Undergrad: 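Let me begin by handing over the structure; questions about it come next.
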Amino acid sequence: MNPQFPFQPIAEYRAHESEILAAMKRVGDSGHYILGPEVTAFEKEFAAAIGATHAVGVANGTDALVLALRALGIGAGDTVITVSHTAVATVMAIELAGAEPLLVDIEPKSFTLDVNKLAGTLKQNRSRKIKAVIPVHLYGHPADMTAILEIARANNLRVIEDCAQAHGAKIGGKTVGTFGDLAAFSFYPTKNLGAIGDGGAVLTNDAALAQRVRELRQYGWRSRYISDTTGMNSRLDELQAAILRVKLPHLRRDNARRRELAQIYFDAIGAPNFSSARSSAELQRADLKIGVPSVGAGCEHVFHQYVVRSPPRDALAEFLKSHGVPTAVHYPQPVHTQPAYLNRVVTGAGGLAESERACREVLSLPMHGYLTNEAVQFAAKEISEFRA
Ligand SMILES: *Cc1c(COP(=O)(O)O)cnc(C)c1O
């Protein structure tokens with residue numbers, strides 16, 4: 001019999017079911033359902049887990065980005081740089097805040113913001129009011145924060161990290177979400193830390209920015225019923241906070257487990273990684289058909305996804321599906337070519353060829369902390385069969 005590939009949200013629920021039910025009962029019995037003790041406690045615990053001073057619980061990861069932008073006073077007339085190879089939410093959030101997105105290409109090994117193209121884009125767009133950059137730690141691999149912070153400092157840009165796929169990822173021992181001015185996290189059920197519903201958080205080490213986010217998430221209130229600014233309604237609810245408090249203590253172990261499973265893929269699929277075969281042509285010429293992920297020097301990857309690059313991607317996905325191995329494509333189309341953004345969104349220096357190539361080649365293999373070794377070994381064996 002083929003091994004099972006349970007969907008992550010239900011697998012995590014089953015693994016912690018009795019604790020989750022107890023937490024839900026605790027909230028029900030408390031009679032306090034919005035912005036109460038569970039949210040306050042989770043904010044403290046999550047900030048401590050990541051290594052930031054302040055966390056503000058919000059309704060979802062998109063809102064976390066919008067609130068971070070608004071807390072910085074970024075809106076109409078301003079431009080914000082991010083990537084096109086990301087969840088559409090990153091780009092959508094910039095427009096929701098009233099600003100204009102400017103999309104820059106990715107670096108092909110890490111799938112994250114290409115810092116050389118960021119620098120080139122800033123040079124080419126001197127007339128725009130570029131206020132911030134949002135690096136996305138895509139698939140759980142950190143963006144090059146050292147270089148990004150240096151460029152940001154030199155160009156007077158604020159930095160908001162999109163950490164929706166990278167809870168616990170590190171660069172040189174420092175956790176992502178602590179590098180920029182603010183960071184946005186999502187607790188959508190499939191993220192490395194997921195609720196049973198929607199949730200998000202904004203992290204920052206700046207007390208004044210944290211206070212701004214707290215006001216903005218609830219009608220712009222500084223004190224009850226009195227709006228100081230026009231805010232939003234974007235609260236994390238008590239039930240989700242209580243559930244997240246059950247799951248947070250397992251984040252480190254879950255991420256370690258993802259790395260163990262990634263190692264099974266690395267060992268079974270073998271070389272090369274993207275550093276030795278960077279282009280589709282190289283992959284095809286060597287008849288490798290597949291390239292495994294790179295992990296940057298000093299980076300701790302949390303494998304939100306284990307993403308291989310394969311020029312015959314659709315054939316590989318079809319083969320795996322027919323052999324009982326579910327896969328997914330993150331993402332099939334870069335944001336700048338999607339109907340809502342096509343011919344409308346501004347793109348950066350050097351074009352977006354790597355973003356477009358990634359969307360043709362990427363395939364996410366089964367990956368989460370509750371899969372068995374046998375399931376991943378089976379998936380890896382089927383990949384070897386496809387290559388043979
Ligand atoms: C999931 C995700 C978001 C949005 O989070 P939601 O909670 O779904 O609003 C933003 N950015 C990235 C990179 C994501 O993966």
Side-chain angles (χ1 to χ4, degrees), residues 8-9 42 46 55-70 80-97 99 101 103-104 106 110-113 132-143 145 148 159-169 176-177 179-180 182-203 213 217 232-237 239-241 243-244 247 255 258 301-307 328-336 338 340-341 355 358-359 362 364 367-368:
Q8 178 192 335
F42 174 69
F46 188 60
V56 184
V58 302
N60 54 66
T62 306
D63 281 0
L65 288 164
V66 174
L67 286 159
L69 287 162
R70 290 198 56 189
V80 176
I81 293 181
T82 191
V83 287
S84 186
H85 185 59
T86 181
V88 75
T90 315
V91 181
M92 192 179 79
I94 295 170
E95 292 199 323
L96 281 170
L103 304 184
V104 172
I106 52 166
S110 67
F111 295 102
T112 65
L113 185 72
V133 56
I134 305 182
V136 181
H137 305 300
L138 199 74
Y139 306 145
H141 189 288
M145 291 311 298
I148 291 167
V159 178
I160 299 169
E161 294 173 76
D162 184 337
C163 297
Q165 302 191 3
H167 315 64
V176 302
F179 289 87
L182 300 125
F185 286 81
S186 165
F187 307 121
Y188 184 80
T190 61
K191 308 293 187 182
N192 290 47
L193 177 62
I196 302 187
D198 278 310
V202 178
L203 261 67
V213 175
R217 82 171 159 184
M232 299 169 45
N233 174 3
S234 182
R235 299 173 295 222
L236 178 65
D237 68 67
L239 206 46
Q240 298 305 336
I243 292 163
L244 288 164
K247 293 174 105 179
N255 282 341
R258 286 171 187 263
H301 198 320
V302 292
F303 293 103
H304 172 61
Q305 301 293 349
Y306 186 92
V307 177
V329 174
H330 301 99
Y331 295 91
Q333 237 180 296
V335 175
H336 70 280
Q338 296 183 18
Y341 299 92
S355 303
C359 289
V362 292
S364 304
M367 172 57 73
H368 61 75

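Predicted, not measured: the structure shown is a model, and the values here were computed from it. Each ligand, and each atom within it, is numbered from 1 in the order the structure gives.
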Undergrad: What heavy-atom pair brings A164 and K191 nearest, and what distance separates the two atoms?
TA: O-CD, 3.1 Å

Undergrad: Tell me which one of T82, D162, T62 satisfies side-chain hydrogen bond (donor to acceptor under 3.5 Å, both in side chains) with T90.
TA: D162

Undergrad: Does ligand 1 have any N/O pairs with the protein under 3.5 Å, and how far apart?
TA:
unit_1: ligand 1; atom_1: 5 (O); unit_2: S186; atom_2: OG; d: 3.3
unit_1: ligand 1; atom_1: 7 (O); unit_2: G61; atom_2: N; d: 2.8
unit_1: ligand 1; atom_1: 7 (O); unit_2: S186; atom_2: OG; d: 2.7
unit_1: ligand 1; atom_1: 9 (O); unit_2: G61; atom_2: N; d: 3.3
unit_1: ligand 1; atom_1: 9 (O); unit_2: T62; atom_2: N; d: 2.8
unit_1: ligand 1; atom_1: 9 (O); unit_2: T62; atom_2: OG1; d: 2.6
unit_1: ligand 1; atom_1: 11 (N); unit_2: D162; atom_2: OD1; d: 3.3
unit_1: ligand 1; atom_1: 11 (N); unit_2: D162; atom_2: OD2; d: 2.8
unit_1: ligand 1; atom_1: 15 (O); unit_2: Q165; atom_2: NE2; d: 2.8
unit_1: ligand 1; atom_1: 15 (O); unit_2: K191; atom_2: NZ; d: 2.7

Undergrad: Is any side-chain heavy atom of F187 closer than 4.5 Å to one of I243?
TA: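 SC-SC contact between I243 and F187 ruled out.
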
Undergrad: Report yes if the distance between the aromatic ring centroids of Y139 and H141 is under 6.0 Å, otherwise no.
TA: no

Undergrad: Within a radius of less than 6.0 Å around OH of Y188, do more than 12 heavy atoms belonging to other residues, nucleotides or ligands occur?
TA: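 12 or below, so no.
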
Undergrad: Is the distance between the ring centroids of H167 and F185 less than 6.0 Å?
TA: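 Yes, they do, as the ring centres are separated by less than 6.0 Å.
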
